Every structure is written in C-alpha cells, then in structure tokens.
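Written below as structure tokens is the structure these notes are about.
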Protein chains: 2
Amino acid sequence: MAQSDTVDRILDAAEELFAERGFSETSLRMITSKAKVNLAAVNYHFGSKNALIHAVFARFLTPFSATLDSAFDELEVRCEDHPPTLNSILWALTESAVRMPQRNEKGISIFMRLLGLAYTQSQGHLRRFLEQEYSQPFGRFMKLLKDATPELSAVDRYWRIQFMLGATAFTMSSSDALIDILENKLGVETTVQEIAARLVPFLAAGMKAPDKMLVFRAPASVA
Amino acid sequence: MAQSDTVDRILDAAEELFAERGFSETSLRMITSKAKVNLAAVNYHFGSKNALIHAVFARFLTPFSATLDSAFDELEVRCEDHPPTLNSILWALTESAVRMPQRNEKGISIFMRLLGLAYTQSQGHLRRFLEQEYSQPFGRFMKLLKDATPELSAVDRYWRIQFMLGATAFTMSSSDALIDILENKLGVETTVQEIAARLVPFLAAGMKAPDKMLVFRAPASVA
DNA sequence: CTGCGCTTCAAACGTATGTTTCAAACAGAC
DNA sequence: GTCTGTTTGAAACATACGTTTGAAGCGCAG
C-alpha cells in the first residue's frame, strides 16, 4: 500500500498548505517536505502542480457535490409541490458542508478557505476545471434559488446572488484570521458552524430586502 | 519631470496588474515592461516589491480616507444629536468611493479589487501596513456602524460587518466580469453606480436581519 | 565647458521554482 | 532466485524571480 500512502500524504499536506498560504505561495518543496516524501513524487503521481491542485479540490468537492445533490433531493421531496423556501435551501447547503466527513478538526475551515481561494485567486486553470466538473450541482442550486425568490426580477436576483457568493466566499476564505481577531478583541471563541449560523440569516434577509434605491444621490432625505 | 513620470507609470502599471492577477502572480518584469521603464527602476524608486505594493495602496487610499472623513463629518453635522442611520452611513461610504477622482474608466473597479485582494491574499506585510496607516478612518466607520446598530451584540455586529465587506469587495472586485455576464445573459447594461444602488439595500437588510439561528440542525421545521 | 547629483540602462547576481532524469529499491509472479 | 513493472531517491535541469551593480546619460549650477 505504498502508493496510496504517498498520494494521500501529498494531498493532506498540499491541502493544508494551500489553505493557509494560497497556491502560488506554496511550493512543491514545502509540500513534499511536510508530507515527508520525495520531491519528484508530486510530478510522478499527479503530473504537475496544477494537476495536484485539481486533485486536492476533487477529493473533497466530489463527495460534497454528491451530498449536496441528495440534500436537494430530500428538500424537494419534503416540499412536494411548492418550491423550497430560501432559508431551507441555504440551510441544506451549509448543512451539507458542515456534515462532510472531516479528516481532522480543521477540516471544515480548510474546506471553506479552499473554496474561497478558488473564487478569489484568479487561477484560470482552476476555474476552468471547477466549471467543467461541477456545473451540475451549481446549476441546480441556482434553479432552486430562482424558484424560491419569484418576486425578484432576473436582474435583481442576479446581483443579489453575487452578493451572497461574495459574503460567503470572502468570509470563509479568511475565517481563521477573522476568528483569531475576534478572539483577541472580544475574547470570544467561534467555530465555522457558528459563522454559518450567523451568515445564513444575513444572506436570507439580504435576498428578501426591499427594492433597490431608485435615485443614486439622495443624501439629505435618508438621514 | 522625469522622475515623477517614471514613478507614476510604474504605479499605474502595477495597480492594474496587481488588480487583475494578484501580487505574487505579478512579477516586476511584467510591471516594468508594461510601464515601459527599466527593470531596476522599481527598486531604485521604491526600494522593494513590497514597498511598491504599499505605494500602490497609499496612492488611492490616502485621498480616499480624507474624502471619507469629511463625508462622515458632514453626516454627523446633519444628524446633530441622534446617530446617523445605517443607510446613510453606507451611502456616505459608497458615495465617497464613487466620487473619487478616477485615473481612467476602470478606476473604481480596480480600487475595489485591490481592497479585496488586500483582505484575501495573506500578505502579512500589507495587512500590517494598512492597519498602521489607516486605522483611524476604519475605526471611525466601525464606531458609526456601532451607534447605528445598537440592537446588535458586539459579536453579531463583528460578523455582519465581515459579511458586508465580503459582499462588497467581492462584487466590486469582479464588477467588470459580472457586468459583462449580465449583458450577455439578459441583455441588460449596468454601471458600477447601479450595482452600488442594489448593494446598499442588500447590506442594510442583512445588518438588520433577525437573530442568528440558535439551533444549528433544524431541517424539518424551516421548510 | 566642467563638474555634480539624479536617473536610466543593460547585465549580472544569487536564489527559488517546477520539472526531468536515471539509477536504486521494492513488490509480486513465475 | 530471477525477472518485471512500479515506486522512490538524489541530483540536475532550465527558467523565472527580486535584487544589485556599475557604467552611461541627463539637466543644470558654477
């Protein structure tokens, strides 16, 4: 069982280092020395650094998208004919994320941080890989959102979904740092689950907000 | 006036490249060849790549923080004794951002994208630089937000502010791409100002959302 | 014109990166 | 034991990076 051992050790080390340092800032030598394998092992088993990045994502994104898919199935069954509510959709999403089998205690925050990095760091190859591998669950999520917010125009919904994605990806991608800051400032300890529990109502309220401001410059009357 | 020409050309090129590629992914050689100056000019005028990054931020953040400060002054004068509302604070912020003198048509989106990168890319030196240079206007903004949302606990407010920052930085940083996608999909044209007009109500509604979910696993009852 | 500070330039420096090479070690089948 | 295909190992490869160097160019006071 020599191969899978080396492969897994590389994936574990890469995942952790990518999450805490980003892709470009993590070298293969850091990864191989943390994994205690030979430098050439990465190129032997994965072919290239980019392929390793893809493998790291595939390892947690494939089971996650399966979990998510069945969570959506369950949601639609439970709702029978009427479309699932916005809150229930967002909960299904976060539940699926949080329930994923974790390799260690840092699992969920690594997971989130990697997702945030995927969106944020403009790595063209990664975006292309994710789009062609995981467009199905993403499209389904969008469809559900559409049915849950029939009162929104297509344009409004488009922008508000972007706002949601932004708040989520951004917060989660720096969740560790933000948790540390909070602990230093207010002495409060937090878990990623608690962040999610605060994020969902925020997003839901934003999606259901009243119309956009019609006039841009309205300084005197708003106060 | 040879110096300032070279310096500005470097800053312009660096700003644009950093915004579209990130810091580590942008080399000094890319910057100097785009700016059409000699490679050594960066180290001559700025000292190091990190110092160049600081200079790029200082060039737009210093005037912006001044504009913002006077916008907040005006806001507090207009409100006399009672604290400014959440909406008016957010409007003062976006107005200050949008009104900033732009070097070109991409100015505002570059501005936003750089702010997002500063938060996202874990460049320790940048965070340290920004914290020690611009803690005053940031602190004032936080203070205003605090007085505008007295109903929130400190912890709730902390996280919701992070969510706001995320939605804003993320959306604005990819505003060009998002505007293009929207035009291709729905045939609707948009300006950054209109995005802001949609974003502010979203953020305000999120900040004023009802409490966080108390129980994390509440699948059956929500739907 | 000469001399002096500041700026530009081409070239090189040392280091770190991703990747390749090829021999050695290994495991399992015969 | 010997052969065969797979995996590991140390070393080197070519390239790209940030930075430094020292000479050349420039503008301007004397």
Side-chain angles (χ1 to χ4, degrees), chain A residues 1-59 117-118 121-129, chain B residues 1-59 117-118 121-129:
Chain A
M1 213 52 62
Q3 175 201 334
S4 67
D5 192 48
T6 299
V7 168
D8 285 343
R9 290 239 296 282
I10 292 175
L11 285 172
D12 288 341
E15 182 178 79
E16 203 160 331
L17 286 171
F18 285 153
E20 64 187 41
R21 308 180 38 97
F23 305 114
S24 309
E25 293 83 356
T26 302
S27 71
L28 292 185
R29 284 168 176 81
M30 294 178 197
I31 294 170
T32 54
S33 74
K34 173 169 189 141
K36 296 199 179 86
V37 303
N38 189 272
L39 169 61
V42 170
N43 284 279
Y44 176 75
H45 286 287
F46 297 94
S48 69
K49 183 181 180 180
N50 280 354
L52 170 62
I53 296 176
H54 297 175
V56 166
F57 274 88
R59 184 168 66 151
L117 286 181
Q121 309 225 155
S122 52
Q123 302 257 357
H125 68 95
L126 219 196
R127 192 170 296 224
R128 258 172 276 129
F129 170 77
Chain B
M1 214 51 63
Q3 175 202 334
S4 68
D5 191 48
T6 299
V7 167
D8 285 342
R9 290 238 297 282
I10 292 175
L11 286 172
D12 287 341
E15 181 178 81
E16 204 159 330
L17 286 171
F18 285 153
E20 64 187 41
R21 307 179 41 96
F23 304 114
S24 308
E25 295 83 356
T26 302
S27 71
L28 292 185
R29 285 167 174 84
M30 293 179 199
I31 294 171
T32 53
S33 73
K34 173 167 188 141
K36 294 197 179 89
V37 303
N38 188 273
L39 169 62
V42 171
N43 283 280
Y44 176 76
H45 287 287
F46 297 93
S48 70
K49 183 181 178 180
N50 279 354
L52 169 61
I53 296 177
H54 297 174
V56 166
F57 275 87
R59 185 169 64 152
L117 285 182
Q121 311 228 150
S122 53
Q123 302 259 356
H125 68 96
L126 220 196
R127 194 171 293 225
R128 257 171 278 129
F129 170 78

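In what follows, chains are A, B, ... by sequence order, proteins preceding strands, each numbered from 1. Source: prediction; values computed, not measured.
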Enumerate the residue pairs fulfilling salt bridge (Lys or Arg N to Asp or Glu O under 4.0 Å) with a member in residues 31-59 of chain A, sequence neighbours excluded, ordered by first and then second residue. A/Asp12-A/Arg59, A/Glu15-A/Arg59, A/Glu16-A/Lys34
Evaluate the side-chain proximity of A/Leu28 to A/Asn43: yes if any heavy-atom separation is below 4.5 Å, no if none is. yes
Less than 4.5 Å apart, any side-chain heavy atom of A/Phe18 and any of A/Ile31? yes
In whole angstrom, what separates A/His45's NE2 from D/dT6's C1'? 9 Å
Answer whether the closest heavy-atom distance between the side chains of A/Leu126 and A/Leu117 falls below 4.5 Å. no
Rounded off to whole Å, could you give me the CG-to-C1' distance for the A/Asp5 and C/dC26 pair? 15 Å
Validation row: B/Tyr44, B/Thr6 side chains within 4.5 angstrom (heavy atoms): no
Take the protein atom CZ of B/Phe46 and the nucleotide atom P of C/dT8, then report the distance between them rounded to whole Å. 11 Å
Write down the distance between CD (A/Glu25) and P (C/dT17), rounded to a whole number of angstrom. 12 Å
Just to verify, what does B/Arg29 make a side chain to side chain contact (heavy atoms under 4.5 Å, CB included) with, not counting sequence neighbours? B/Ser27, B/Leu39
Heavy-atom contacts, protein to nucleotides 14-28 of chain D, under 4.0 Å, summarised as B (base), S (sugar-phosphate only) or - (none) per nt, yield ---BBBBB-------
